[in-house]
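Just so it is clear, the structure is predicted and the values come from calculations on it, not from any experiment.
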Number of protein chains: 2
Amino acid sequence: MDEILTARAEILKAIAQPTRLKIIELLRDGERCVCEIFPAIAEEQSNTSRHLNIMQNNGILARRKEGTKILYSVKHPEALEIADLASAILKKEISGKSNLLQAV
Amino acid sequence: MDEILTARAEILKAIAQPTRLKIIELLRDGERCVCEIFPAIAEEQSNTSRHLNIMQNNGILARRKEGTKILYSVKHPEALEIADLASAILKKEISGKSNLLQAV
DNA sequence: CTTCTGTATGAGCATATAGTCATATAGTTA
DNA sequence: TAACTATATGACTATATGCTCATACAGAAG
């Protein structure tokens, strides 16, 4: 069905952006508050907040309150697997191209 | 590094779009020419061609000439795994929400 | 009550994206 | 050579995206 394709695409889109990937990589080590995340990734607080929101809305991140802080974490291990598979494809592609280079 | 994050994001973006996901699902069964793909997914030939190009440029699809036709196929099994993981996350999210509904 | 800290959001801007229609190109076939 | 088939591309439009600056808001601390 078409709605399912759109929903699946939305989930992937929520990961498929450099700043968001960076956040996901940071959150591999466990949950972090916004105040830790935005300095770690060197982005504005407002921009970071928006990206966190996008990922939370699409089921990539979980959000939890602790005292005055909001803690975000990766919700499903599948999100990390997707991030890893992107690396795997990239590696294959680069090694394919370097083979080409060697053949020149 | 920042360039690697961008490259990984580009790969994921090449998958994270409904029309392109539809094409990927179609190509699970093996390679197809453009002339088979665009009627199967009910998109214009020109639009289909552009999406195929995007995916080929980002290492998602392989392109091969056979006679007068161009055959496209999924280049790395990882691309299919990514598509599957998006479904897995979607399922979890939906079942999470339906649990909520039941609890009301 | 005021101030401070942590987080979210409105408004605006520049660029990217997906789609359409028309046309270009390359290789067949008549 | 002319017409046809398969694919790609230019030009355009509408919408989405990512970012910034400024501001809002909620809770804690003074």
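End-to-end axis angle of the helix from C:dC1-D:dG30 to C:dA30-D:dT1, from C1' rotation axes over five pairs per end: 10° (rounded to 10 degrees).
In this structure, A:Lys13 and B:Lys13 have side chains that are not in contact, with every pair of non-hydrogen atoms separated by 4.5 Å or more.
Distances shorter than 4.0 Å separate some side-chain N or O of B:Tyr72 from OP1 or OP2 on D:dA8. The shortest distance between the side-chain N/O atoms of B:Asn47 and the OP1/OP2 oxygens of C:dG19 is below 4.0 Å.
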Problem set entry | Trace of the side chain to side chain contact (heavy atoms under 4.5 Å, CB included) decision for B:Leu80 with B:Arg28 | CA-CA 8 Å; B:Leu80 295 175; B:Arg28 256 183 215 276; 3.6 Å; yes
For this session: Go through the steps for A:Ile37 and A:Glu43 under the test side chain to side chain contact (heavy atoms under 4.5 Å, CB included), then give the verdict.
Result: CA-CA 9 Å; A:Ile37 297 172; A:Glu43 286 291 333; over 6 Å; no
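DNA chain C lies under 4.0 Å from at least one heavy atom of each of the following residues of residues 15-44 of chain A: A:Cys33, A:Val34, A:Cys35.
Between the side chain of A:Glu25 and the backbone N or O of A:Lys22 there is no donor-acceptor pair closer than 3.5 Å.
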Dump the pairs, protein N or O against N or O of nucleotides 22-26 of chain C, anything under 3.5 Å, distances to one decimal.
none

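Across all strands shown, B:Ser49 has heavy atoms under 4.0 Å from base atoms, whether or not it also approaches the sugar-phosphate.
Between A:Lys75 and B:Glu93 there is a salt bridge, since a side-chain N of the basic residue sits under 4.0 Å from a carboxylate O of the acidic one. Under the 4.0 Å criterion applied to side-chain N and carboxylate O atoms, A:Lys92 and B:Glu78 are assigned as salt-bridge partners.
With distances taken from any side-chain atom of B:Lys69 to the nucleotides D:dT17, D:dT7, D:dT9, the minimum falls on D:dT7.
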